> 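Got a structure for you, written out below as structure tokens; questions coming shortly.
When a residue number appears, it is its place in the shown sequence, counting from 1. Every value quoted in this text rests on a predicted model; they were computed, and no experiment measured them.
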Amino acid sequence: MAALRSSHRPFISKFNGAKELLRTLLIDKNQSISRKIGTFWRPRFISSQGSLRLVQSKYRITPTGASMENKDLPSDFLRHKKMVPSADPPKVEDINILYQFFDRSSKLVVLTGAGISTESGIPDYRSPNGAYSTGFRPITHQEFIRSNRARRRYWARSYAGWRRFTAAEPGPAHIALASLEKAGRIKFMMTQNVDRLHHRAGSNPLELHGTVYVVACTNCGFSLPRSSFQDQVKALNPKWAEAIESLDYDSRLDKSFGMKQRPDGDIEIDEKFWEEEFHIPNCQKCDGILKPDVVFFGDNVPKGRADRAMEAAKECDAFLVLGSSLMTMSAFRLVRAAHEAGAATAIVNVGVSRADNLIPLKINAKLGEILPRLLSVGSLSVPAV
């Protein structure tokens, strides 16, 4: 996590209420922080009505994979790091071509990826402005299983980011797809996303990579809702949880010092605030390791789920990829199988994809701009849900 250091003695006013608790809990180990240069966890420095003030000064900021030294921190810091990749508005020709793709299909399969959720405020990994562009690397399945320290880091960050993650709302593209699905224009839908925004829009896709809304035991398979797991974490770490929940941070990353949202719902937190005194619950049935019910990097899609997705790909007459670079083999193999089976294939995505040389129809457009416009075209004319 980035370190914030000052060459001056910053003045920090007294905390009130929850902010006093936050200071007591999170800065006890660094009582001399106002007297010397140090590394500390930077929550969003509250609103103008809050009691926390920081006298303007020059800082050295060291974000992951980059550096800025002895520069004034601008008020719009990181605003240029847009979450949604830029793209020209869709052309009328592109809308008509996509309409024809839908209209000619009676067994259309749709696969969605992270590009549909970036427009709802959830970051992705691989776009030009994605998490990888800052040097971030997600946890692997192997690391999570073998390292208790890695699990504490993951769950502390994930607990902290959960409120913001669940505040994301389905975007115009999610809603348009749900309308098309209800009108019978989509036979089967699957998603690589773990955020359940499709469900909240009214769809029920196959979740290829699982969902963060369920937590499961890696030993006995027992599962529980994520909300119940959050309650267990809070019970084990009451003061820590209270401090986290009192933070008045918002979803605008440019103003969220040290609280950067990541694609799977976690937030960067300095390790000293979870390394020693943060506790995570084990399975209540067998005392096994609890893990979000998602396919981490280095793991495989469960066989039954993978078989169902492959069956749909081979039996469709058209396969449409929306907002995915198809860099994971679990997704790429599906569109390849559909293509080899003779189905029409197309992709709507901003930027390059692994299948660009395979798929004959590629449209470079934001999904939230092109999909809603299909609802009023020709025989696809359907009411929005």
> With a 4.5 Å cut-off on side-chain heavy atoms, are F102 and L108 touching?
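In contact.
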> Side chains of D356 and S353: donor-acceptor distance under 3.5 Å anywhere?
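Side-chain D/A pair, D356 to S353: present.
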> Taking the side chain as everything from C-beta on, heavy atoms only, tell me whether I95 gets closer than 4.5 Å to L374.
yes
> Do H199 and P205 come close enough that some side-chain heavy atom pair is under 4.5 Å?
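A side-chain contact under 4.5 Å exists here.
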> Taking the side chain from N193 and the backbone from D195, do they hold a donor-acceptor pair closer than 3.5 Å?
no
> Apply side chain to side chain contact (heavy atoms under 4.5 Å, CB included) to residues I347 and L361 and explain how you reach the verdict.
CA-CA 6 Å; I347 181 170; L361 175 57; over 6 Å; no
> State yes or no: are the ring centers of W240 and Y159 separated by less than 6.0 Å?
yes
> Can you tell if the side chain of N349 reaches within under 4.5 Å of the side chain of V321, non-hydrogen atoms only?
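SC-SC contact between N349 and V321 ruled out.
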> Report the C-alpha distance between E143 and R149 in whole Å, list the side-chain angles of each, state the deciding distance to 0.1 Å, and finish with yes or no for salt bridge (Lys or Arg N to Asp or Glu O under 4.0 Å).
CA-CA 9 Å; E143 182 184 7; R149 184 176 186 275; over 6 Å; no
> Is a donor on one side and an acceptor on the other found under 3.5 Å between the side chain of D88 and the backbone of A365?
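Pair absent, no side-chain N/O of D88 close to backbone of A365.
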> Give me the atom names and distance for the closest heavy-atom approach of N219 to G288.
CB-CA, 4.4 Å
> Would L334 and M190 satisfy side chain to side chain contact (heavy atoms under 4.5 Å, CB included), going step by step from the backbone distance to the final call?
CA-CA 11 Å; L334 296 174; M190 55 186 118; 3.6 Å; yes
> With clusters defined by side-chain heavy atoms of hydrophobic residues (ILVMFWY) lying less than 4.5 Å apart, directly or transitively, does L206 cluster with V110?
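Cluster IDs for V110 and L206 differ.
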> For the backbone of F144 and the side chain of S147, can you confirm whether one donor and one acceptor N or O come within less than 3.5 Å of each other?
no
> Please name the pair of heavy atoms, one in V214 and one in S223, separated by the smallest distance, quoted to 0.1 Å.
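Heavy atoms of V214 and S223 come nearest at CG1-CB, 3.9 Å.
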> State, yes or no, whether a side-chain contact exists between R226 and V212 at a heavy-atom distance under 4.5 Å.
yes
> Quiz question: by atom type and distance under 3.5 Å, do the side chains of T328 and Q192 form a donor-acceptor pair?
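Q192 and T328 do have a side-chain donor-acceptor pair below 3.5 Å.
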> Would a distance-only check, ignoring hydrogens and angles, find a side-chain to backbone donor-acceptor pair under 3.5 Å from T140 to F297?
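Not confirmed, T140 side chain does not pair with F297 backbone.
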> Measuring from D299:CG to K291:NZ, what's the distance to the nearest 0.5 Å?
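It comes to 5.5 Å.
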> If you take all heavy atoms of P281 and L236, which pair is closest and at what distance?
N-CD1, 3.6 Å
> When the aromatic ring centroids of Y154 and F296 are compared, is their separation below 6.0 Å?
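For Y154 and F296, the ring centres are under 6.0 Å apart.
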> Are the side chain of R200 and the backbone of A168 linked by a donor-acceptor contact shorter than 3.5 Å?
yes
> Are V233 and Y213 linked, directly or through other ILVMFWY residues, by side chains that come within less than 4.5 angstrom of each other?
yes
> I'd like to check S105 versus L320 (side-chain heavy atoms, cut-off strictly below 4.5 Å). Are they in contact?
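Not in contact.
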> So, the side chain of E119 versus the backbone of G368: is there a donor-acceptor pair under 3.5 Å, distance only?
yes
> Can you name the closest pair of heavy atoms from P372 and E369 and give their distance?
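So the minimum-distance heavy-atom pair works out to CD-C, 4.1 Å.
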> With a distance cut-off below 6.0 Å to the six-membered ring centre and an angular limit of 45° from the axis, does R354 pair with F332 as a cation-pi contact?
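Satisfied, under 6.0 Å and within 45°.
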> Using atom types as modelled and distance alone, determine if a side-chain donor or acceptor of D293 lies under 3.5 Å from a backbone N or O of G210.
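No, the answer is negative, given that no donor and acceptor are paired below the 3.5 Å cut-off.
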> Starting from the C-alpha separation in whole Å, work towards a yes-or-no answer on side chain to side chain contact (heavy atoms under 4.5 Å, CB included) for L326 and L111.
CA-CA 10 Å; L326 299 171; L111 168 68; 3.9 Å; yes
> Would you compute the distance between atom CG of L177 and atom CD of E181 and round it to the nearest 0.5 angstrom?
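Here the interatomic distance stands at 8.0 Å.
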> For residues F101 and I359: do they belong to one hydrophobic cluster (side chain heavy atoms under 4.5 Å, members Ile, Leu, Val, Met, Phe, Trp, Tyr)?
no
> Is a salt bridge present between E315 and K107, judged by a nitrogen-to-oxygen distance below 4.0 Å?
no
> Going from CG on L197 to CD on E169, what distance comes out if it is rounded to the nearest 0.5 angstrom?
8.0 Å
> According to a 4.5 Å side-chain heavy-atom criterion applied to Ile, Leu, Val, Met, Phe, Trp and Tyr, with indirect links allowed, do V295 and M327 form part of one hydrophobic cluster?
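Cluster IDs for V295 and M327 differ.
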> Quick one: do T345 and L358 satisfy side chain to side chain contact (heavy atoms under 4.5 Å, CB included)? Show the steps, please.
CA-CA 9 Å; T345 52; L358 177 70; 5.9 Å; no
> Within this structure, what is the CZ-CZ distance for the pair F188 and R308, rounded to the nearest 0.5 Å?
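Nearest 0.5 Å value for the CZ-CZ distance: 4.5 Å.
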> Over all heavy atoms of both residues, which pair between A173 and L371 is shortest? Give the atoms and the distance, please.
CB-CD1, 3.9 Å
> Mind checking whether C220 and C283 have side chains closer than 4.5 Å, heavy atoms only?
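Side-chain contact under 4.5 Å: yes.
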> Let me confirm one number: the CG-CE distance from L180 to M189, rounded to the nearest 0.5 Å.
9.5 Å
> To the nearest 0.5 Å, how far apart are CG in N364 and CG in D94?
9.0 Å
> Output yes when a side-chain donor or acceptor of T211 lies under 3.5 Å from a complementary backbone atom of V194, and no otherwise.
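Indeed, once roles are kept as given, a pair shorter than 3.5 Å links the two residues.
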> Could you tell me whether a side-chain N or O of K182 sits under 3.5 Å from a main-chain N or O of G202, the two making a donor and an acceptor?
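Pair found, side chain donor or acceptor close to backbone of G202.
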> Which pair of heavy atoms, one from A241 and one from K234, lies closest together, and at what distance?
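Minimum heavy-atom separation between A241 and K234: CB-CG, 3.7 Å.
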> Tell me if the aromatic rings of F229 and W162 count as close, with their centers under 6.0 Å from one another.
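No, the ring centres sit 6.0 Å or more apart.
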> Is there side-chain contact between I116 and H198, with at least one heavy-atom pair below 4.5 Å?
yes
> Please determine, by modelled atom types, if R146 and Q142 share a side-chain donor-acceptor pair under 3.5 angstrom.
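Checked: R146/Q142 side chains show no N/O donor-acceptor pair below 3.5 Å.
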> Under 3.5 Å, is there a donor-acceptor pair between the side chain of D317 and the main chain of A343?
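No.
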> Look at the side-chain heavy atoms of Ile, Leu, Val, Met, Phe, Trp and Tyr, link any pair under 4.5 Å apart, and say whether I280 and F222 land in one connected group.
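Linked within one cluster.
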> Any chance the side chains of S203 and H174 put a donor and an acceptor closer than 3.5 Å?
no
> Side chains of T191 and R196: do they bring a donor and an acceptor to under 3.5 Å?
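No, R196 and T191 have no side-chain donor paired with an acceptor closer than 3.5 Å.
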